[in-house]
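Below is one structure, written out as structure tokens, with a few remarks after it.
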2 protein chains.
Amino acid sequence: MTTEGEFRREDSLGYMVNLLGRLFARALDRRLGKYGVAHGQFPVLLILWEQEGITQSEIARRLDIEQPTVANTLKRMERDDLVTFAADPGNRRQVLIGLTEKGRALKTPLIAEALAVNDRAVEDFEAADRVQFIARLRRMIDALSGPAE
Amino acid sequence: MTTEGEFRREDSLGYMVNLLGRLFARALDRRLGKYGVAHGQFPVLLILWEQEGITQSEIARRLDIEQPTVANTLKRMERDDLVTFAADPGNRRQVLIGLTEKGRALKTPLIAEALAVNDRAVEDFEAADRVQFIARLRRMIDALSGPAE
DNA sequence: GCGCCTTTAATAGCAAGCTATGATAATGCC
DNA sequence: GGCATTATCATAGCTTGCTATTAAAGGCGC
């Protein structure tokens with residue numbers, strides 16, 4: 001196998017997933033930009049719309065993103081008046097993250113934008129195919145999530 | 001529809017594709033890192049293994065990446081002794097990009113690493129399902145590639 | 001209580017993506 | 001030939017990822 005240098009970009013899973021991921025990010029940036037929100041902030045908002053008062057590392061765990069990445073994103077979100085940092089009186093190590101009124105108010109419109117991007121990507125798909133596609137994505141995520149090898 | 005704030009991360013196409021893309025990038029970084037190559041350099045190498053002597057903007061066009069991004073990546077690749085920059089005598093605007101011996105020699109091992117990552121992601125898939133999955137990725141890429149809207 | 005381990009966060013520094021803008025060279029029209 | 005347009009590249013500055021390291025606080029064993 002691996003006959004010669006036959007590696008076609010357009011048939012490589014990793015290449016295609018990476019490209020599609022960038023297209024999603026671009027589309028989200030264009031749409032969320034109207035609200036002053038960048039695409040990397042959206043998953044953090046999704047978490048906080050569900051539950052406020054959690055720590056930075058809890059957000060990192062749920063999103064499978066490293067803690068310093070979350071720290072930087074939260075810093076920008078604080079600068080943009082989306083989140084608040086509150087020292088936990090019971091545990092002086094941790095800082096509890098909450099939403100500002102502005103952050104809460106964006107829930108409905110931003111979710112609508114994200115749904116629109118998702119819909120556009122699969123608008124010509126059968127409903128069953130969308131479900132199957134997501135199920136397969138999940139299997140691949142599980143396959144790559146383990147330790148290196 | 002859009003019943004209430006029911007937006008589940010784990011059912012969102014964009015979220016899942018983004019997560020899977022990061023997992024691919026992490027896996028590639030671990031594997032290519034052994035050769036001193038970072039994941040963003042790999043698509044550029046794929047292009048150059050096919051054809052040397054093309055310009056920066058041609059690479060950007062083929063990969064659907066912005067020109068300044070390619071410029072920065074190429075600068076790091078030159079620093080790492082992977083590519084060469086040669087002024088085109090026939091057109092003083094453009095700079096022709098080529099590979100060093102080191103860059104050429106990496107073709108076989110790096111492609112093997114990338115194939116291993118792709119295989120790991122879909123090792124429990126039927127061959128037909130892999131093909132179908134990639135075909136659907138391609139359809140989604142086409143759907144999102146057009147102008148904003 | 002003390003020392004060690006774990007957990008949480010901060011910081012530094014790098015890679016890879018983006019937009020916006022500017023410099024310079026080539027092209028093409030008149 | 002001269003001027004406007006286009007093409008190519010460079011640069012600045014931003015966001016979002018990453019790793020590695022450090023500091024500080026909490027928890028546990030003894």
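Chain letters run A, B, ... following the sequence lines, proteins first, then strands; residues in each count from 1.
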May I ask you to evaluate whether B:Arg92 reaches the phosphate of C:dA26, defined as a side-chain N or O under 4.0 Å from OP1 or OP2?
yes
Checklist entry - With no angle test and no hydrogens, is the base of D:dA10 tied to the side chain of B:Gln67 by a donor-acceptor pair under 3.5 Å? => result yes
Item to check | Donor-acceptor pair, side chain of B:Arg104 and main chain of B:Leu99, under 3.5 angstrom | outcome: yes
note: B:Leu74, atom CG; D:dC9, atom P; distance rounded to Å ~ 10 Å
B:Leu32 CG to D:dC18 P, in whole Å, measures 17 Å
Taking only Lys NZ, Arg NE, NH1 and NH2, and the carboxylate oxygens of Asp or Glu, determine whether A:Glu78 and A:Lys75 approach each other closer than 4.0 Å. no
Q: Report yes if a donor N or O on one partner sits less than 3.5 Å from an acceptor N or O on the other, where the partners are the side chain of B:Arg93 and the base of C:dA26; otherwise report no.
A: no
Between CD of A:Gln94 and P of C:dA9 the distance, given in whole Å, is 6 Å
Separation of D:dG17 atom P from B:Leu23 atom CG, nearest Å, is 12 Å
Of all heavy-atom pairs linking A:Asp11 and B:Ile134, the shortest is O-CD1, 3.1 Å
Is any side-chain N of the basic residue among B:Glu123 and B:Arg120 closer than 4.0 Å to the acidic one's carboxylate O? no
Ranking C:dA12, C:dA9, C:dA15 by distance to the side chain of A:Pro68, first place goes to C:dA12
With a 4.0 Å limit, can you tell me whether A:Ser57 has a side-chain N or O closer than that to the phosphate oxygens OP1/OP2 of C:dA9? yes
| query | Can a salt bridge be assigned to the pair A:Arg26 and B:Asp64 using a cut-off of 4.0 Å between side-chain N and carboxylate O? | reply | yes
Please check if any side-chain donor atom of B:Asn72 sits under 3.5 Å from a side-chain acceptor atom of B:Arg76, or the reverse. no
When A:Gly90 and A:Thr73 are each assigned the nearest nucleotide of DNA chain D, the 5'-most assignment goes to A:Thr73
Looking for any heavy atom pair under 4.0 Å, which part of the strands does B:Glu66 touch: base, sugar-phosphate only, or nothing?
base
Looking only at D:dT16, C:dT19, C:dA15, the nucleotide nearest the B:Arg79 side chain is C:dA15
Judged by nearest nucleotide, the residue sitting upstream toward the 5' end of DNA chain D, A:Pro89 or A:Phe42, is A:Phe42
Here the distance between atom P of D:dC9 and atom CD1 of B:Ile54, to the nearest Å, is 10 Å
**Q.** OP1 or OP2 of C:dA9 under 4.0 Å from side-chain N/O of A:Thr55
**A.** yes
B:Asn18 atom CG is separated from C:dA16 atom P, nearest whole Å, by 17 Å
*Short side-chain N/O contact from A:Thr69 to OP1 or OP2 of D:dT16, under 4.0 Å*: no
Here the distance between atom P of C:dT8 and atom CZ of A:Phe85, to the nearest Å, is 16 Å
request  = Using a 4.0 Å heavy-atom cut-off across all strands, classify B:Asn91 as base, sugar-phosphate, or nothing.
outcome  = sugar-phosphate
Counting just side-chain N and O atoms, does B:Arg22 come under 4.0 Å of either OP1 or OP2 of D:dC18? yes
Practice task
Indicate whether OP1 or OP2 belonging to D:dG17 is found under 4.0 Å from a side-chain N or O atom of B:Arg26.
Solution key: no
OP1 or OP2 of C:dC14 less than 4.0 angstrom from a side-chain nitrogen or oxygen of B:Arg76, does that happen here?
no
From CD1 of A:Ile65 across to P of D:dC18 the rounded distance in Å is 6 Å
(request) Taking only the side-chain nitrogens and oxygens of A:Asn72, find out if one of them lies under 4.0 Å from OP1 or OP2 of D:dT16. (result) no
